[in-house]
Structure formats: structure tokens, C-alpha cells
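All values below were derived from every heavy atom in this structure, side-chain atoms included, with hydrogens, water molecules and symmetry-related copies excluded. Atoms within each ligand, like the ligands themselves, are counted from 1 in listed order.
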Amino acid sequence: MPGRPKLILASGSPRRLALLQQAGIEPDKLVPAEIDETPVPRESPRKLALRLARDKASEATRRIRDDEDWQGAVLLAADTVVCVGRRILPKAETVDEAAACIRLLSGRSHRVYTGLCLVDQHERTRARLVETRVRFKRLGRDEIDAYLASGEWRGKAGGYAIQGIAGAFVVSLIGSYTNVVGLPLTEAVGLIAGTGYPVTFGWINQT
Ligand SMILES: Cc1cn([C@H]2C[C@H](O)[C@@H](COP(=O)(O)OP(=O)(O)OP(=O)(O)O)O2)c(=O)[nH]c1=O
């Protein structure tokens, strides 16, 4: 469409890209941000998710600012944090981390926060925080072992992916499902639409 702003997704997450595409929005460019995601001492999960979304947005903007792709573009970044109370669960990279997460989540409620940060054509930023409450059934040892063997937890906040096998662990969910997968679509599409980007354009003739 002529004249529409370009959309840059500051993410290397295939889930975030797939969610945007599901909503009929095709980013023009992917610029994954590389930042330190370590929480600062006593940082709350909400503050962490928002801070990391802002950090990802500013790091990606800094890298792309001198490219011609940045002219008239808008950029979106996100960060997802899973927590039990104030305890922040890691993005599981080892089976031991994933095992600790899954054992903790078994039979309990937890919260998932995604921070969103949008940088518009004038380099103004807008941020949102979205919360979802998820309850897991109590998991047996065999289920936990089989889940760990599946490897689906790798690179996922809280050591699980609701869009896979772990969807069968969820007894209840209050709030946005897409938030748990990594990009709350209502809020992300709203932020993008607020820049003048024609979000409904991609809906025409979608099957
Ligand atoms: C809880 C949960 C998380 N996740 C994923 C979403 C995110 O990709 C990841 C959380 O890590 P993030 O640091 O939010 O994102 P990322 O490093 O994967 O990608 P990028 O920073 O480049 O955008 O966990 C799921 O896919 N399903 C789930 O159910």
C-alpha cells in the first residue's frame, strides 16, 4: 500500500512474528534486539517486563536509525515474564531450569506479563503492560519427565509454551491468551493502529 509507514518488529521470536501475521500484519523488517535481560535486584515482574520491552525498542532503534529502512518507520518490541508471586522464573535454557519451573508451576496459579514498546515515526515511545493469570493442573512425575524430554520449554519464559503440549496443563486462564505466547494482540494492534498504520489493510481477502 503506497504511503503506509513501514513496520519493524524488534524481535527474533518466531511466535511474535506468527501472531502479528495472524492479525494480518506483515512486518517489513525484523531487527532482533540484543540486550541483557537480567533483572535488577528487587525489580518487580511488571517493571522488568516493561523495562526490557523499552530496552529492546531503544537498542533496535539505535541500530537501525542510520538505515534508510528507518525513514518513516515504526518499531515494536516486547518482553514476556512469567512469575509466581514476586518470584521471576527464568527463560529456560537448560533442562534443570525447565524442571525447576515446571515443578513450581504444577498445581498453582502464576502470572504472565508482556511489556510492549512502540517507537513511532517521530521517535516517541508508547508502552503497555498486559497481565494474564494462568493456572496449571497438578502434574505427575511422568508428565513432567515427558514434558522435559519434549524440549518444548527451551527458550521459553517460565519453561513452558502454552501453544504446545503445555496447553494441556492449563486449567484456567484469565486475560489474554496471546499475551502468554508473547504478544498480546489486542494491545499490539492498537498501538500499531495509533501510528496511522492501516492495520485492517491485511484483513482484506484473508482466508
Ligand atoms: C510463557 C510462554 C512464553 N513463550 C515465549 C515467548 C517469548 O519468545 C519467550 C520469552 O522471552 P522474551 O525475552 O520475551 O523473548 P525472546 O528472547 O524469545 O524474543 P525477542 O526478545 O527477540 O523478541 O517465551 C511462549 O512461546 N509460550 C509461552 O507459553
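The shortest non-hydrogen separation linking Leu105 to Gly158 is CD1-O, 3.5 Å. A pairwise comparison of heavy atoms in Arg46 and Leu129 identifies CB-CD2, 3.6 Å as the closest pair. Residue Lys156 comes nearest to Gln163 through the heavy atom pair CE-NE2, 4.3 Å, listed as atom of the first residue, atom of the second, then distance. Nearest heavy atoms, Val84 versus His110: CG2-CB, 4.0 Å. Annotation for Ala73 and Ile8: closest pair CB-CD1, 3.7 Å, computed over non-hydrogen atoms.
Nearest protein heavy-atom neighbour of atom 26 (O) of ligand 1: Gln163 NE2, 2.8 Å. At the shortest separation from atom 5 (C) of ligand 1 among protein heavy atoms lies Lys156 CD, 3.8 Å. Closest to atom 21 (O) of ligand 1, if we only count protein heavy atoms, is Lys56 NZ, 2.5 Å. Of all protein heavy atoms, the one lying nearest to atom 13 (O) of ligand 1 is Lys91 NZ, 2.8 Å. Taking atom 18 (O) of ligand 1 as the reference point, the nearest protein heavy-atom neighbour is Arg15 NH2, 3.8 Å. Residue, atom and distance of the protein heavy atom nearest to atom 29 (O) of ligand 1 are Ile162 N, 2.7 Å. Val180 O, 3.1 Å is the protein heavy atom nearest to atom 2 (C) of ligand 1. What sits closest to atom 24 (O) of ligand 1 on the protein, heavy atoms only, is Ala157 N, 3.1 Å.
Inclusion of Glu37 in the set of residues having an N or O under 3.5 Å from an N or O of ligand 1 is warranted. Between Val82 and ligand 1, no pair of N/O atoms sits closer than 3.5 Å. Between Gly12 and ligand 1, at least one N/O pair is under 3.5 Å apart.
Under a 4.0 Å criterion applied to the non-hydrogen atoms of Asp79, ligand 1 contributes the atoms 12 (P), 13 (O), 14 (O). Using a 4.0 Å cut-off to heavy atoms of Ala161, the atoms of ligand 1 that qualify are 27 (N), 28 (C), 29 (O).
Of the candidates Ser11, Gly182, Gly155, Ser13, the one placing a heavy atom closest to atom 9 (C) of ligand 1 is Gly155.
Using a 4.5 Å cut-off on side-chain heavy atoms (C-beta onward), Leu17 and Leu30 make contact.
At a heavy-atom cutoff of 4.0 Å, ligand 1 is contacted by no atom of Pro32, backbone or side chain.
Screening Thr132, Thr178, Thr80, Asp79 for a side-chain hydrogen bond (donor to acceptor under 3.5 Å, both in side chains) involving Thr114 leaves a single residue, Thr80.
Of the N and O atoms on the side chains of Arg135 and Ser172, not one donor lies less than 3.5 Å from an acceptor on the other residue. Thr94 and Asp96 are not linked by any side-chain donor-acceptor pair at a separation below 3.5 angstrom, with hydrogens and angles left out of the test.
In this structure, Tyr147 has its ring center at least 6.0 angstrom away from the ring center of Tyr160.
Judged by the shortest distance from any of its heavy atoms, Val112 lies outside the 4.0 Å radius around the atoms of ligand 1.
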